[in-house]
Amino acid sequence: METDDSGPQLEICFVTKQDIYAVPGVPFSVPQNINIVHLNKLLNELLGDYTGQLKAIKFDFLVNGQILRLPLIDHLREFNISTETTIDVEYIERTEAPEPENALIHDDWIGGVQAADKWILTGCYDYSVNIWTVHGKHEAISQEHTNLVKAVSWLKQSDPEGGFVTVSHDLTGMLWMWKPGDKSPSPVIVLRGHERGIDSVGVSPNSERLATGGWDTYLKIWSASLDADENYEPHHKKIKSSSHLPSRTPIHTLQGHKENVVSVQWLEPQLICTASMDHTIKLWDTELGGLQSEIVAEKAFLGASWSPLCRSIIACSADRHVRLYDPRSTEGSVCKMIFTSHSLWVSAITWSQTDEHLFMSGSYDECVKLWDTRCPKAPLYDLSGHQGKVLCVDWTNPKHLVSGGTDNSVHIFKNRHNN
Amino acid sequence: MSQKLKRRLVEADHNLPQSSKTALEESHSDSDFFDNEGESSDLTDSEADLSGSDEVDSESESDNNVSEQSEEGDETPKVLSNGSPPVLQKVDEYAEHDTSDEEDIRNTIGNVPMKWYDEYKHIGYDWDGEKIEKPAQRDQLDAFLQRIEDPEFWRTVKDPQTGKEVVLTDEDVKLIKRINAQRVPDENFTEYAPWVEWFTSEVMKTPLRKFPEHKRSFLPSKIEAKRVSRMVHALKMGWIKTNAQYKRLKAKKKDQFYMLWQTDSEAEKMRRIHDHIPAPKRFLPGHAESYNPPSEYLFDERELQRWHKQEETPWKRKLHFVPAKHGSLREVPAYARYVKERFLRCLDLYMCPRGIKLKLTIGPEALVPKLPSPKNLQPFPTYLAITYEGHTDMVRTIDTDKTGQYLVSGSDDGTVKIWEINTGRCLKTINTESVVRCVRWCPNQALSLILVASGNKVILLNPDVGDFLISAKTDTVLKESPKSDTIINERVRTTVQWAAPSEAEYGRGFRAVLTHFKEVTQVTWHGKGDYFAVIMPDGQNRSVLIGQVSKRKSQLPFTKPKGLVQSVIFHPSKPYLFVATQRHIRIYDLIGQALVKKLMSSSQWIATMDIHPGGDNLLVATYDRKVLWFDLDLSTKPYQTLRLHGTAVRAVSYHKRYPLFASCSDDKSVIVSHGMVYNDLMQNPLIVPLKRFAEHKGCNDFGVFDVRFHPLQPWVFSAGADGTIKLYCN
């Protein structure tokens, strides 16, 4: 730093929203081309002076709402910020790099994955449904489906005993009951009604309803109750129905999409967000049974995720980009931000449950990436490990970043941030 | 006569003294009584008398003067001063001759400063050329004495011309006095004579002239208007300038310099000759013209001989002279042909009409048609997204299902594979035990059926993917073959045999197997999904076969061989069949059973073709590297020929929804083009090549075998000889 002092100087002022790391708002004169490393050093010295904290903490710096990656002057030039005034540099504790924890090896491609507590539920292309612990212990397997299992979901996110739901290309979905220790869970109810393969499933926040979407372009809403007697019609028998299982028919069928529904997510107890390959994201009101609003894009969507924390939709489509949409904006088609780093289709995407800025994406370029919305140019971390296309990602358990792909494995990364 | 006479008399009246006038009046009154002749003679006499008397008077007077003058002139100048002044004498002299108003100038030197003669003794020359001697100069004392003595001194002045002293007469003095007093010099002039009103100053009540003013005095003059307008125009054009403008121009201009010699580079400008074409310049002299040229410019003997030989044809000579070397410029002789050449040049200049040669400058850019930028024609596939790997040999053919969920491919390894498009997952592999040349998914969505051309068999395959209800229904439909008592034609029976699959084959998904007598290269569905066409190029007059799924029956539409059939397709909406032989495409009406049209391709060997979903445009791939676009409404010749590929084009395909088409070739490339067909019949289709993909690897000189579009998205699939299928996305 001493060598750089000869160059032009900038006035900066450190601010933060994290009280424990607060420093007095005194402006500092720093060289123009100061980078994160030097800023970190400076801030840690300051913290050492004021709070007596000796352990070095890594920070990220926000200038104009964007994470600083370049030298400060380049960052300022990019946003056309005047160098004359004192620049407020907000600092936040840096998101820790996720740590690779485990790889769960399956027999076939992984179509869907979801974690609850320490249990990881996977749906497999060999028609099987597996349950693992995060430590890599295979807990249960069941092969009741007759075609690819495309999506899985726990009914109660924190409680595996609440059961789970799986959907498959055999045109059915299944509701399962499982208790830890049970080696082969059994389906309780079969969801019948779709005419083509089901690609996506979503469970309502209160775990009372299910929504599924698939290649027949319909969005179907079901009861999520595990009670078999409800809604069961003994007369309604399908040709290939498993004779011993009661089936269930949808409560509502919502038409509107023109192509495959790739993603279903409940925003509120009455609001569903679906993304489809017909280039639209639609918001459905289940109470009224109709369309509430719509986002029209130019590419076929492959996945979408809604975050209640920042109340916006992050979507991936059949191209290299990840796009951020605000469903509340009146002109719904406006893309707020584009995140580009993947080199092939981004197939799956999900928000963090705890941080309003973080999300993860999985792509056909064999890469899972961790992103911060404040840093659209580059992801925070590349979580490598997959040796095939990534088909599904999950971050329901904030502690674990889970992804599955065509390399027959589910990779678990431990999130060390906010722990 | 009498009137004229009277006037003359009146005129005469004015000159007559009173006495003679009365006498005349008397004679006049008398003459009234006389004859005309007599009167005239009488009158002339009297007049003559009168004038004669008058003349005598004046003569006598002048005589007196002359005599006086001559007397006085002969005497001394003193006498002159005493007598009448010489001026007066001169006046008399001129009055006598009445020839000129010239004064008698004694001194002939003219009106020159007399000081010129200060140095000489004479003061000029008289009329005869004699010097006029200067009179003796008197000194101051003499002058003083004379002033005292001479009483006339005050009126004596010196004549500068003659140097003589002149004594002014009383009249002169009087005249001078009057002039000094600023009065009229003439003594007799009465300044206060009564005013004679020749024209009245009062405005009269009645005009002098009876008639009104002429009309033209009220009208503006046309000539003046013309003149004014001409001036205004000139002012406007800047040909003439107002004084203010001139002043401004003058103020602006400082120093003006003119070129003494017009430079060569400047074009000659001629006044009043517009578009003047300057004379062509002579060539500048080269080294050969030099008086001392380098030796290589001098003629050797052969050249000289040749030069002389061309005496008769001088225009063939390279040089019109013989270069010569001289020691110095001084030794250069006169050029004998100089005058002749100048003359010829002058003849050229004014005898030959000159003209400006109009040159058309067309750049290569101007010849390229203006096409819209590919950027504005989005969406179209731009990058390789997914590779479908699994086949162990060349993939010859691909097709997609209607929903865009599955892809079917057929390969030389004898297998048909069903793929999930979005993930690249191979869902099923069906072995057919022979080279699969064509797979086509049934366009009817109620049937889950694929036509597979494998070897000399055509297999109706139920892939059993998607809706199992439809699969099951398809199975039931195909299970029970309709019983018909119609006897199958012998000709058809030897061509094709419908057979039920064996148990093992049924398990693989086969629902019907058609065994043909020759190898099948292509199958194609009719739009409704019941009829299909099969081609066996080696089948002579049985090369095209139309089958019907519902009746499990085939028929041969043609009896005569039309050539080597390459490709067959059904019109998407009309009952037309397009049959492509090696060079021509024939369109048959299936209901009317007649030839509708014959399209002439300019190529040698047609490979395949595809029809636009609108049905009015046909795309033909040829083995001679061309892709032909036929507009069926326009002509039987190709509307456009696209030479985009380096080698044989294997397949072409239209997109069902987007204005796109693609072609693939053995040069391993897939070219996606924009092919917009307008509803407006007047507007021709717009064809813009957009993107070239060269992702496949070659294998045995084969590149890409088939190209297909995704049914819903602007994505394109290509099947390559390297055993892979690739998906390109927008």
Side-chain angles (χ1 to χ4, degrees), chain A residues 108-111 125-127 146-148 150 168-172 192-199 214-217 238-241 257-260 262 276-279 297-303 317-320 342-348 363-365 388-392 404-406, chain B residues 375-390 400-407 418-428 445-446 448 463-476 656-658 695 709-717 726-730:
Chain A
D108 210 336
W109 295 8
I110 313 301
Y125 270 45
D126 62 358
Y127 317 157
T146 56
N147 212 330
L148 318 178
K150 275 294 198 177
S168 158
H169 269 196
D170 62 4
L171 320 190
T172 62
R192 294 183 195 281
H194 275 290
E195 292 164 23
R196 302 290 296 245
I198 310 174
D199 249 19
W215 280 94
D216 60 357
T217 73
K238 290 279 158 59
I239 301 155
K240 281 182 82 177
S241 70
H257 278 299
K258 295 192 189 89
E259 288 182 50
N260 181 22
V262 292
S276 162
M277 283 181 69
D278 63 2
H279 308 184
E298 286 165 2
K299 306 275 174 79
F301 284 111
L302 294 180
S317 40
D319 58 10
R320 303 179 294 123
H342 284 294
S343 58
L344 283 175
W345 286 10
V346 186
S347 54
S363 157
Y364 283 4
D365 62 2
K389 295 167 197 155
V390 179
L391 295 181
C392 51
T406 63
Chain B
K375 271 181 201 159
N376 306 330
L377 302 173
Q378 295 273 20
F380 60 86
T382 51
Y383 67 97
L384 172 69
I386 298 174
T387 304
Y388 303 84
E389 284 166 353
T400 58
D401 82 322
K402 271 221 157 175
T403 56
Q405 192 178 1
Y406 302 111
L407 176 75
I418 313 275
W419 308 83
E420 190 181 40
I421 288 173
N422 275 11
T423 56
R425 167 90 174 184
C426 174
L427 298 172
K428 269 182 187 174
Q445 275 191 303
S448 165
D464 197 17
V465 289
D467 193 348
F468 66 83
L469 277 176
I470 291 174
S471 298
K473 215 164 76 188
T474 309
D475 283 350
T476 52
K656 292 278 180 294
R657 295 187 167 186
Y658 291 92
E695 307 279 355
F709 276 102
H710 191 280
L712 304 169
Q713 309 285 352
W715 303 346
V716 70
F717 300 93
K726 290 179 194 286
L727 167 64
Y728 310 93
C729 289
N730 62 327

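Order of the sequence lines fixes the chain letters, A, B, ..., with proteins taken first and strands second; residue numbering starts at 1 for each chain. No hydrogens, no waters, no symmetry mates; every other heavy atom, side chains included, goes into these values.
By the 4.5 Å heavy-atom criterion applied to side chains, A/M277 and B/L712 are not counted as neighbours. Between A/L148 and B/L427 there is a side-chain heavy-atom pair separated by less than 4.5 Å. In this structure the side chain of A/K389 reaches within 4.5 angstrom of the side chain of B/I386, judged on heavy atoms.
Within the 4.5 angstrom heavy-atom criterion, no atom of A/D216 approaches chain B. Proximity to chain B is limited to the side chain of A/H279, based on heavy atoms less than 4.5 angstrom apart. Proximity to chain A (any heavy atom under 4.5 Å) is shown, for B/I470, by neither the backbone nor the side chain. Within the 4.5 angstrom heavy-atom criterion, only side-chain atoms of A/D108, from C-beta onward, approach chain B. Contacts of B/Q378 with chain A are absent, with no heavy-atom separation under 4.5 Å from either backbone or side chain.
Minimum interatomic distance between B/T423 and A/Y125 (heavy atoms only, all atoms of both residues): CG2-OH, 3.5 Å. The heavy-atom pair separating B/C729 from A/A318 by the smallest distance is CB-O, 4.4 Å. A/D319 approaches B/Y383 most closely through the heavy-atom pair CA-OH, 3.0 Å.
Rounding to the nearest 0.5 Å gives a distance of 8.0 Å between CG of B/D401 and CH2 of A/W215. Note that the CZ atom of B/F468 and the OG1 atom of A/T146 stand 8.0 Å from one another [nearest 0.5 Å].
Ring geometry, A/W345 versus B/W715: the interplanar angle falls from 30° to 60°, so the pair is classed tilted.
Formation of a donor-acceptor pair under 3.5 Å by the B/Q405 side chain with backbone atoms of A/N260 is not found in this model.
For B/Q713 and A/E259, the side-chain atoms include at least one donor-acceptor pair closer than 3.5 Å.
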